[in-house]
**Q** 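My structure is below; once you've seen it, I'll send some questions.
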Amino acid sequence: MFKLNNIKYQRPLIENSKYNTELLKTDKFFITYANERYFNILYYLIKGLNLYSNITVIIYIVNTPNKKTLLPTKFEEFNNIIVRYISTSDHIWTSKLTVMIDSINFINKSNSKLIYLDADTIVNYSIDKLFEFSDKVENIPYLSVHPDYKEAVNSLYTSLGKGVKIDFKKKF
């Protein structure tokens, strides 16, 4: 726990699952995250990626503190995934920032390209073409709007600290 602008904040705890280290030897990665409520749609995202792409997928499973819900065994059919677990009390959408920062540090290669996909993304045969249009993220990416977006913004604001300038730079 640390204090940022007089706000107590507990950093999310991140753990690895067992994975094939050969999967990190590539220069392109899809990154996604979900909690147990999204496991069914996450499954179809990974199934679609597995059908149309050979690129490694890093899946972050977001749990609340003192709870560790594991990725269901049906995901074992996919051989191109790396699973990491996050334990945090932050809002699920705020966890996206943790996922992005950790994935950059986890991969730790400056020439890697990362595409962040929400679990409810529908993929098709041209999914790999996204890498032709991607750029490295500057500062932080913009969060997509959801029905209870205000709760996510408040959690983001709290986790980053009051008074922190958030510089949104998005490129489509």
Side-chain angles (χ1 to χ4, degrees), residues 12-20 23-24 26 28-107 112-135 137 140-156 158-159 168 170-172:
L13 174 66
I14 301 175
E15 301 174 51
N16 263 334
S17 66
K18 294 180 182 173
Y19 62 91
N20 179 351
L23 293 173
L24 285 174
T26 183
K28 294 178 184 174
F29 299 88
F30 289 113
I31 314 292
T32 191
Y33 74 109
N35 60 17
E36 64 184 322
R37 291 180 38 203
Y38 285 85
F39 282 168
N40 287 332
I41 59 175
L42 176 65
Y43 176 80
Y44 289 103
L45 168 64
I46 304 303
K47 193 170 184 78
L49 288 171
N50 199 48
L51 179 64
Y52 295 117
S53 179
N54 293 320
I55 294 173
T56 299
V57 183
I58 301 175
I59 302 171
Y60 284 81
I61 304 304
V62 181
N63 288 300
T64 57
N66 302 320
K67 181 177 182 184
K68 186 166 182 182
T69 302
L70 302 176
L71 192 64
T73 56
K74 67 181 178 180
F75 285 83
E76 291 174 2
E77 72 181 80
F78 307 117
N79 58 8
N80 66 331
I81 63 173
I82 296 172
V83 181
R84 291 175 65 75
Y85 292 92
I86 300 173
S87 177
T88 182
S89 56
D90 291 340
H91 189 280
I92 181 72
W93 297 317
T94 304
S95 299
K96 185 184 288 190
L97 300 173
T98 301
V99 166
M100 292 179 180
I101 292 166
D102 183 74
S103 60
I104 291 167
N105 293 331
F106 176 67
I107 294 165
S112 292
K113 289 192 173 193
L114 313 172
I115 300 290
Y116 297 92
L117 301 172
D118 283 332
D120 57 358
T121 302
I122 299 173
V123 301
N124 63 27
Y125 65 91
S126 63
I127 189 68
D128 288 350
K129 289 199 171 279
L130 286 176
F131 288 96
E132 296 173 19
F133 304 103
S134 68
D135 289 307
V137 175
I140 63 170
Y142 188 69
L143 291 170
S144 54
V145 177
H146 291 275
D148 56 351
Y149 184 66
K150 185 174 183 178
E151 183 184 342
V153 169
N154 288 337
S155 182
L156 170 65
T158 300
S159 66
F168 296 109
K170 53 185 181 172
K171 183 175 180 177
F172 297 96

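Atom set for the values below is all heavy atoms of this structure, side chains included, hydrogens, waters and symmetry mates excluded.
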**Q** For a side chain to side chain contact (heavy atoms under 4.5 Å, CB included) with Phe30, tell me which candidate from Ile59, Leu45, Val57 qualifies.
**A** Val57
**Q** Would you indicate whether Asn66, at its atom CG, is surrounded by more than 12 heavy atoms from other residues, nucleotides or ligands within a distance under 6.0 Å?
**A** no
**Q** What pair of heavy atoms forms the shortest contact from Val123 to Tyr52, and how long is it?
**A** O-CE1, 3.8 Å
**Q** Quick one: closest heavy-atom pair of Ile55 and Asn80, and the distance?
**A** O-ND2, 3.1 Å
**Q** Look at the side chain of Tyr85 and the backbone N and O of Leu71, then say whether any donor-acceptor pair between them is shorter than 3.5 Å.
**A** yes
**Q** Of all heavy-atom pairs between Ala119 and Ala34, which one has the smallest distance, and what is that distance?
**A** CB-CB, 4.3 Å
**Q** Which heavy atom in Thr32 sits nearest to a heavy atom in Leu117, and how many Å separate them?
**A** OG1-O, 2.7 Å
**Q** Ignoring hydrogens and geometry, is there a side-chain-to-backbone donor-acceptor pair from Thr56 to Leu23 under 3.5 Å?
**A** yes
**Q** Treating Asp118 as the side-chain partner and Asp120 as the backbone partner, does any N or O pair qualify as donor plus acceptor under 3.5 Å?
**A** no
**Q** Using modelled atom types only, decide if a donor and an acceptor are shared between the side chain of Asn63 and the backbone of Thr69 within a distance under 3.5 Å.
**A** yes
**Q** Just checking Phe78: does its CZ atom have more than 12 heavy atoms from other residues, nucleotides or ligands closer to it than 6.0 angstrom?
**A** yes
**Q** Is the terminal nitrogen or CZ of Lys96 (NZ for Lys, CZ for Arg) located under 6.0 angstrom from the six-membered ring centre of Tyr116 and within 45° of that ring's axis?
**A** no
